[in-house]
Amino acid sequence: MMTNPRFDDVRETAADATREDDVLSVYTGLVHDDGRREYYFANDTEEASELRETAAVQLGMMVRVLADRSESDVEEITDLAAERAENMRLE
């Protein structure tokens, strides 16, 4: 049973938005009920500086939304994210 009734609407809207022609950067992270995780990250650039900038913008957007929705401050979310990133293995 889903506890957030808007979840399916947001998921569908996000999936549709990734198909737009003018998208330069995409990140989707999925966390499944069983704890399995999937990551999809792509940028339409080959320049390291552009990759850093678009990734930083996406990360900043996510941190801001998470801080607001979880009633936490940005530093708290950033510290927790950095801790998780250090322990994460990408496959």
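Residues R64 and D68 come closest through the heavy atom pair NH2-OD1, 2.8 Å. Closest approach of T45 and L51 over heavy atoms only: CG2-N, 3.9 Å.
With salt bridges taken as basic N to acidic carboxylate O contacts below 4.0 Å, one links R36 and E38. Between R11 and D8 there is a salt bridge, since at least one side-chain N of the basic residue sits less than 4.0 Å from a carboxylate O of the acidic one.
In the hydrophobic clustering of this structure, Y39 groups with L66; members are Ile, Leu, Val, Met, Phe, Trp, Tyr whose side-chain heavy atoms approach within less than 4.5 Å, directly or through other members. V10 and V63 end up in different hydrophobic clusters when Ile, Leu, Val, Met, Phe, Trp and Tyr side chains are linked at under 4.5 Å. Residues M62 and V74 share a hydrophobic cluster, clusters being chains of Ile/Leu/Val/Met/Phe/Trp/Tyr side chains in contact below 4.5 Å.
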Can you give the donor-acceptor pairs under 3.5 Å from side chains of residues 18-30 to other protein atoms, not counting sequence neighbours?
unit_1, atom_1, unit_2, atom_2, d
T18, OG1, A15, O, 2.7
R19, NH1, A15, O, 2.9
R19, NH1, D16, OD1, 3.3
S25, OG, N43, OD1, 2.5
S25, OG, Q58, OE1, 3.2
S25, OG, Q58, NE2, 3.2

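If you take OG1 on T54 and CG on L59, they are separated by 11.0 Å, rounding to the nearest 0.5 Å. In this structure, CE on M88 lies 11.0 Å from CD on E83, to the nearest 0.5 angstrom.
Residues E12 and F7 have side chains not in contact (no heavy-atom distance under 4.5 Å, counting atoms from C-beta outward).
Annotation: side-chain contact (heavy atoms from CB on, under 4.5 Å) contacts of D79 (sequence neighbours excluded): none.
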